[in-house]
Participant: 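I have a structure I would like to understand better, so I am pasting it below and will then ask my questions one at a time.
Naming convention: chains lettered A, B, ... in sequence-line order (proteins, then strands); numbering from 1 in each chain. Not measured: the values here are computed from a predicted model.
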There are 2 protein chains.
Amino acid sequence: MLIQTKFRNASLDHAADVNGILAFSQPSAVSLYNAGATIYGQGDPSGQLYMVEFGTVRLCRVSSDGRRQISAFYFAGEIFGLEADEQRHFYAESVDNTGIRVLRPSDGDKFNESMLKVALQSLTRAQEHLMVLGRQNGAEKVAAFLLDLAARQASDRLVDLPMQRCDIADYLGLSFETVSRILTKLKCSGAIRIPHVKQIELIDIEELEYLRG
Amino acid sequence: MLIQTKFRNASLDHAADVNGILAFSQPSAVSLYNAGATIYGQGDPSGQLYMVEFGTVRLCRVSSDGRRQISAFYFAGEIFGLEADEQRHFYAESVDNTGIRVLRPSDGDKFNESMLKVALQSLTRAQEHLMVLGRQNGAEKVAAFLLDLAARQASDRLVDLPMQRCDIADYLGLSFETVSRILTKLKCSGAIRIPHVKQIELIDIEELEYLRG
DNA sequence: CGAATTATTGAAACATGTCAAGGATCGTGG
DNA sequence: CCACGATCCTTGACATGTTTCAATAATTCG
């Protein structure tokens, strides 16, 4: 299955579509959010798209007994807020200090066309995430997460972790203790260094890629 | 979090969009596939959409060490084959005897618009599946699966299982033994009956819904 | 009917979760 | 600038759910 590496992160290369959206929308001013602020709630009316100007956004849902699943993170330059119907299925929060721009369609048709591309990229990412959640163990999940972040930050070695361990855990379907344990294990095996709690240096990228599968 | 039940299966109610797609495409003749036949392979050029006429389709990927994840099932009336770029990220196979129609766009603009809806529904479904894979245990996963099938088959009590245990397992991120054990457990607890290996009768739907969360 | 496949069930191994304690980090106010 | 409290992170010990391996039973198909 060598083929699959060709697709990895295909969804991440969407600069062109971001430009497409921007060209046919009227961006509003940037709104600022502190860490942990609600951008929109589950059940809110949907309709507008958002672009992360700086900072980090998490898309979440909480079940009745309090378990939380984070379905996606969004970083600077990425677009979120697409919904299938008139209500939001997930709620969106800022992870750290975050600036967000609301996008309003100006040229309907072209905007729609760009939206399709954004939708397809979100779909691809969700599908990739399905692979990770369904069939990978803890170490493989964390390796995949770190490599994904590295690719999206366009930094080949030094990765920023704006979110806390608990966010990573709820994204990967693990407990935060397990995430912590795996990170120290990777550190001890020499695959990564942890210069700071919120910063990981990828040392043995081949090992991480091997882990990811 | 009572809100979330309102969204469940929202993505499944897409008859309108299927009609939208059909109105602006030139459906070809129906192709027939035996159980386990390849409809398209990973890495194949993408472009065409497909509609299931009868039978069942599974969308899969296999990792280098042989673990398989099924990202979605498609049943009669449902559309699949949407991709973010020119190559297929997953491969598609028939689960049982299946009839499939290729859809070719005739009116580009309207076809595109319908595609957006299909994409958003696929996205919603993938996101719902993320919730199940990330934060539910075996019994909850199986309950969610049975209720999803019941909703899509529009049969409130008797659910057909065209796929084998192994397919269910690879869809839910479990081993097929665990799937089997959970089904017998649900049978013993009186939540379901298993009149046939490939047919489940939902007895205590409230219990299943409670399990699903 | 018989062979091959698929499903069920059991026992033991393993990964991850849970509970609990201690340590690090951060922000705030003195 | 330091000290304090609060939050977050790490680590350990134990409990639990799930997988794995193995054997048997059921089903399908020729």
Participant: Mind checking ring pair (Phe, Tyr, Trp, His ring centres under 6.0 Å) for B:Phe75 and listing every partner two or more places apart, or none if nothing turns up?
Facilitator: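 B:Phe75: no ring pair (Phe, Tyr, Trp, His ring centres under 6.0 Å) contacts found.
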Participant: Indicate yes or no: at least one non-hydrogen side-chain atom of B:Leu208 is less than 4.5 angstrom from one of B:Ile192.
Facilitator: yes
Participant: Can you list the steps and then say if A:Leu59 with A:Tyr40 is a side chain to side chain contact (heavy atoms under 4.5 Å, CB included)?
Facilitator: CA-CA 10 Å; A:Leu59 252 194; A:Tyr40 56 73; 3.6 Å; yes
Participant: Rounding to 10°, can you tell me the angle the first-five-pair axis of the helix from C:dC1-D:dG30 to C:dG30-D:dC1 makes with its last-five-pair axis?
Facilitator: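 The angle, to the nearest 10 degrees, is 50°.
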Participant: Under the rule for side chain to side chain donor-acceptor pair (under 3.5 Å), what residues qualify as partners of A:Asp156, not counting sequence neighbours?
Facilitator: none
Participant: Sorted by first residue and then second, give each side chain to side chain donor-acceptor pair (under 3.5 Å) pair with at least one member in residues 158-174 of chain B; sequence neighbours left out.
Facilitator: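 Every side chain to side chain donor-acceptor pair (under 3.5 Å) pair that includes a residue of residues 158-174 of chain B, provided the two are not neighbours, is A:Arg135-B:Asp170, B:Arg58-B:Asp167, B:Arg68-B:Asp167, B:Arg68-B:Asp170, B:Asp160-B:Gln199.
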Participant: Name the residue closer to the 5' end of DNA chain D, choosing between A:Arg135 and A:Glu177 according to the nucleotide with the nearest heavy atom.
Facilitator: A:Glu177
Participant: Could you verify whether a donor N or O on one side chain and an acceptor N or O on the other, from A:Tyr91 and A:Glu93, lie under 3.5 Å apart?
Facilitator: no
Participant: Answer with base, sugar-phosphate or nothing: what part of the nucleic acid does B:Thr184 contact at a heavy-atom distance below 4.0 Å?
Facilitator: sugar-phosphate
Participant: Give me the residues of residues 160-174 of chain B where at least one heavy atom lies under 4.0 Å from an atom of DNA chain C, by number, or none.
Facilitator: B:Gln164, B:Arg165
Participant: So, taking the atom named CZ in B:Arg181 and the one named CZ in B:Phe176, what distance separates them when rounded to the nearest 0.5 Å?
Facilitator: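 Reported to 0.5 Å precision, the distance equals 9.5 Å.
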Participant: B:Asp65 has an atom CG; how far is it from atom P of D:dT19, in whole Å?
Facilitator: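 After rounding, the reported distance stands at 15 Å.
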Participant: With sequence neighbours excluded, give me every ring pair (Phe, Tyr, Trp, His ring centres under 6.0 Å) pair touching residues 191-213 of chain B.
Facilitator: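 Residue pairs with at least one partner in residues 191-213 of chain B: there are none.
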Participant: Between C1' on D:dT10 and CD1 on A:Ile194, what's the gap in Å once rounded to a whole number?
Facilitator: 10 Å
Participant: Kindly state each residue pair satisfying salt bridge (charged side-chain N to carboxylate O under 4.0 Å, His left out) with at least one member in residues 187-205 of chain A, sequence neighbours excluded.
Facilitator: A:Arg193-A:Glu201
Participant: Does D:dT19 have its OP1 or OP2 closer than 4.0 Å to a side-chain nitrogen or oxygen of B:Thr178?
Facilitator: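 Yes, within the criterion.
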Participant: Is there a donor and acceptor pair, one atom on the side chain of B:Arg181 and one on the base of D:dG17, closer than 3.5 Å?
Facilitator: no
Participant: Rounding to an integer number of Å, can you tell me how far B:Phe176 CZ sits from D:dA23 P?
Facilitator: 15 Å
Participant: Of all nucleotides in DNA chain C that come within under 4.0 Å of a heavy atom of chain B, which is furthest toward the 5' end and which toward the 3' end?
Facilitator: C:dT6 to C:dA11
Participant: Yes or no on salt bridge (charged side-chain N to carboxylate O under 4.0 Å, His left out) for A:Arg212 and A:Glu207, after CA distance, side-chain angles and deciding distance?
Facilitator: CA-CA 9 Å; A:Arg212 176 181 59 179; A:Glu207 170 65 13; over 6 Å; no
Participant: Looking at residues at least two apart in the chain, or sitting in another chain, which of them share a side-chain contact (heavy atoms from CB on, under 4.5 Å) with A:Ala119?
Facilitator: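 side-chain contact (heavy atoms from CB on, under 4.5 Å) check on A:Ala119 returns A:Leu82, B:Leu116, B:Ala119, B:Leu120.
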Participant: Between the protein and nucleotides 25-30 of chain D, which nitrogen or oxygen pairs come in under 3.5 angstrom?
Facilitator:
from   : atom 1 : to       : atom 2 : distance (Å)
D:dT28 : OP1    : B:His196 : NE2    : 3.1

Participant: Please name all residues satisfying side chain to side chain donor-acceptor pair (under 3.5 Å) with A:Ser71, sequence neighbours left out, ordered by chain then number.
Facilitator: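 Side chain to side chain donor-acceptor pair (under 3.5 Å) list for A:Ser71, sorted by chain: empty.
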Participant: My understanding is that only residues two or more places apart in sequence, or in another chain, count here; which of them pass side chain to side chain donor-acceptor pair (under 3.5 Å) with B:Thr98?
Facilitator: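 B:Asp96.
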